[in-house]
Amino acid sequence: LILTASDGKVYQDSANPPAEISGGTAFASGATVLTRGAVFNNLLILTTTSRNIPRTLNASLTLADLGGTPARGVDVKAFARRVCMFSPSDGTTTYRSIMSFNSGNDDPTLWTTPYTVNMLNFGKLGTDANLLGGEHYKDRLMAFTEDRLYPVYATPNATLPLAFQDSLFSEDGGGPGNIHGVVAANERLYWISRSRDVRALFQTSVSSIGYPVQPFLRGIT
């Protein structure tokens with residue numbers, strides 16, 4: 001069991017207290033710096049909401065920076081033999097509407113022009129899409145914005161191996177506040193929406209199942 005903590009460090013739950021695993025560039029500290037992870041070719045890849053340099057952890061518990069010049073996403077997912085980084089930064093500029101992915105199958109260190117070529121842009125002209133992250137659902141990778149949900153799929157096109165379909169819904173506040181409010185369970189996706197109800201995705205239908213929880217959700221920040 002691998003843990004990340006508010007001190008920006010990574011731990012193994014092998015003792016009491018857990019044992020620190022050192023290596024790579026430290027993550028930012030703070031109780032609001034949250035992490036996401038994905039397993040890709042026997043590597044655990046970790047990202048943070050501070051868009052720190054992603055770090056990897058192998059089976060030997062060696063912690064290191066992700067190789068190459070990777071996109072620094074707030075979320076990471078493995079899909080169609082690629083590493084997908086959501087709403088990434090290059091260390092200077094943040095690209096909130098795009099999902100970057102590495103430029104070669106099965107190699108997480110290949111990141112060629114991830115902000116102009118190897119990416120999907122979920123924003124439209126005149127809009128300000130804020131891509132929150134993704135979650136697996138059946139044979140798709142679902143990309144969440146604050147107001148929409150896009151199915152991402154693999155293509156046979158080597159130039160652009162990933163593409164996305166039209167949003168399954170379009171509603172201001174219908175998406176989650178952040179990707180940490182999304183849970184995959186029982187062959188469905190569930191999330192707490194910015195409208196303060198619980199939504200569920202089953203097949204291609206999105207419905208509200210949680211209006212009774214609104215008073216509780218409105219009482220928390």
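Numbers for residues simply follow the sequence, beginning at 1. Bear in mind that the values here come from a model prediction, so they are computed numbers and not experimental data. Below, all heavy atoms of this structure are taken into account, side chains as well, without hydrogens, waters or symmetry copies.
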> Decide yes or no for Phe144 and Val182: does some side-chain heavy atom of the first lie under 4.5 Å from some side-chain heavy atom of the second?
yes
> Mind checking whether Phe122 and Ser167 have side chains closer than 4.5 Å, heavy atoms only?
no
> Give the cluster check for Phe164 versus Leu141: same hydrophobic cluster or not, with ILVMFWY residues linked at side-chain heavy-atom distances below 4.5 Å.
yes
> Answer yes or no: is there a side-chain heavy-atom contact under 4.5 Å between Arg72 and Thr47?
no
> Donor-acceptor pair, distance only, cut-off 3.5 Å: does the side chain of Ser193 make one with the backbone of Ser195?
yes
> On the 0 to 90° scale, with breaks at 30° and 60°, tag the Trp191-Phe169 ring pair as parallel, tilted or perpendicular.
parallel
> Quick check: is Leu63 connected to Ile2 through a chain of hydrophobic side chains (ILVMFWY, heavy atoms under 4.5 Å apart)?
yes
> Do you know the tightest heavy-atom contact between Ala5 and Tyr11?
CB-CE1, 3.8 Å
> Charged N to carboxylate O below 4.0 Å: is that the case for Glu171 and Arg199?
yes
> Run the side-chain contact (heavy atoms from CB on, under 4.5 Å) check on Tyr190 and Ile209 step by step: do they pass?
CA-CA 9 Å; Tyr190 301 93; Ile209 62 170; 3.8 Å; yes
> Looking at Ser100 and Pro114, what are the two nearest heavy atoms and their distance?
OG-O, 2.8 Å
> At their closest point, which heavy atom of Ile98 faces which heavy atom of Leu131, and how far apart are they?
O-CD2, 3.2 Å
> Find out whether Leu66 and Pro108 are in side-chain contact, i.e. whether some heavy atom of one side chain is under 4.5 Å from a heavy atom of the other.
yes
> Hydrophobic cluster membership, with links at side-chain heavy-atom distances under 4.5 Å among I/L/V/M/F/W/Y: are Leu46 and Ile21 in one?
yes
> Verify whether one side chain among Asp197 and Ser208 offers a donor that lies under 3.5 Å from an acceptor in the other.
yes
> Going through the distances and angles, do Glu187 and Gln203 end up as a side-chain contact (heavy atoms from CB on, under 4.5 Å)?
CA-CA 9 Å; Glu187 296 187 352; Gln203 302 298 346; over 6 Å; no
> Evaluate the side-chain proximity of Tyr137 to Phe202: yes if any heavy-atom separation is below 4.5 Å, no if none is.
yes
> Does Asn186 reach the main-chain N or O of Arg188 with its side chain, forming a donor-acceptor pair under 3.5 Å?
no
> Give a yes or no on whether the backbone of Gly173 and the side-chain of Asp147 come within a donor-acceptor separation of less than 3.5 Å.
yes
> Any heavy-atom pair between the side chains of Arg36 and Ile179 that's under 4.5 Å?
yes
> Would you give me the side-chain donor-acceptor pairs under 3.5 Å for residues 77-89, sequence neighbours excluded?
{"from": "Arg81", "atom 1": "NE", "to": "Asp106", "atom 2": "OD1", "distance (Å)": "3.4"}
{"from": "Arg81", "atom 1": "NE", "to": "Asp106", "atom 2": "OD2", "distance (Å)": "3.0"}
{"from": "Arg81", "atom 1": "NH2", "to": "Asp106", "atom 2": "OD2", "distance (Å)": "2.6"}
{"from": "Arg82", "atom 1": "NE", "to": "Asn105", "atom 2": "OD1", "distance (Å)": "2.8"}
{"from": "Arg82", "atom 1": "NH1", "to": "Asn102", "atom 2": "O", "distance (Å)": "2.8"}
{"from": "Arg82", "atom 1": "NH1", "to": "Ser103", "atom 2": "O", "distance (Å)": "3.4"}
{"from": "Arg82", "atom 1": "NH2", "to": "Asn105", "atom 2": "OD1", "distance (Å)": "3.2"}
{"from": "Ser87", "atom 1": "OG", "to": "Arg51", "atom 2": "NH2", "distance (Å)": "2.7"}
{"from": "Ser89", "atom 1": "OG", "to": "Gly91", "atom 2": "N", "distance (Å)": "2.9"}
{"from": "Ser89", "atom 1": "OG", "to": "Thr93", "atom 2": "O", "distance (Å)": "3.3"}

> Is there a side-chain contact between Glu146 and Leu132 in this structure, where contact means two heavy atoms from C-beta onward sitting under 4.5 Å apart?
yes
> Would you find a donor on one side and an acceptor on the other, under 3.5 Å apart, between the side chain of Thr155 and the backbone of Asn157?
yes
> For Asp65 and Thr25, indicate whether the former's side chain and the latter's backbone hold a donor-acceptor pair under 3.5 Å.
yes
> What is the minimum heavy-atom distance between Arg148 and Tyr150, and which atoms define it?
CD-OH, 3.0 Å
> Calculate, to the nearest 0.5 Å, the distance between atoms CG and OG1 belonging to Asn121 and Thr116 respectively.
11.5 Å
> Evaluate side-chain contact (heavy atoms from CB on, under 4.5 Å) for Leu189 paired with Met142, printing each intermediate quantity in order.
CA-CA 9 Å; Leu189 288 184; Met142 297 296 179; 3.8 Å; yes
> Can you check whether Leu34's main-chain N or O pairs, donor with acceptor, with Thr49's side chain at less than 3.5 Å?
yes
> Considering all heavy atoms of both residues, which atom of Asp75 and which atom of Gly134 are nearest to each other, and what is their separation?
OD2-N, 2.9 Å
> Counting only heavy atoms not in Asn42, do more than 12 fall under 6.0 Å of its CG?
no
> Distance only, no hydrogens: is a donor on one side chain within 3.5 Å (strictly under) of an acceptor on the other, for Thr145 and Asn130?
no
> For Val39 and Leu44, work out which heavy atoms get closest and say how close.
CG2-CD1, 4.3 Å
> Check the hydrophobic clustering (I, L, V, M, F, W, Y; side-chain heavy atoms under 4.5 Å; chains of links allowed) and say if Phe101 and Val152 are grouped together.
yes
> With side chains defined as the heavy atoms from C-beta onward, is the minimum distance between Leu162 and Leu120 less than 4.5 Å?
yes
> Are Val183 and Val76 connected in the hydrophobic side-chain network, where two residues link if heavy atoms are under 4.5 Å apart?
no
> To the closest 0.5 Å, what do you measure between OG1 (Thr204) and CD (Gln165)?
9.5 Å
> Are Asp107 and Thr109 close enough that a side-chain donor and a side-chain acceptor fall under 3.5 Å?
yes
> Between Thr112 and Asn118, does the side-chain contact (heavy atoms from CB on, under 4.5 Å) criterion hold? Intermediate values first, please.
CA-CA 7 Å; Thr112 306; Asn118 301 298; 4.1 Å; yes
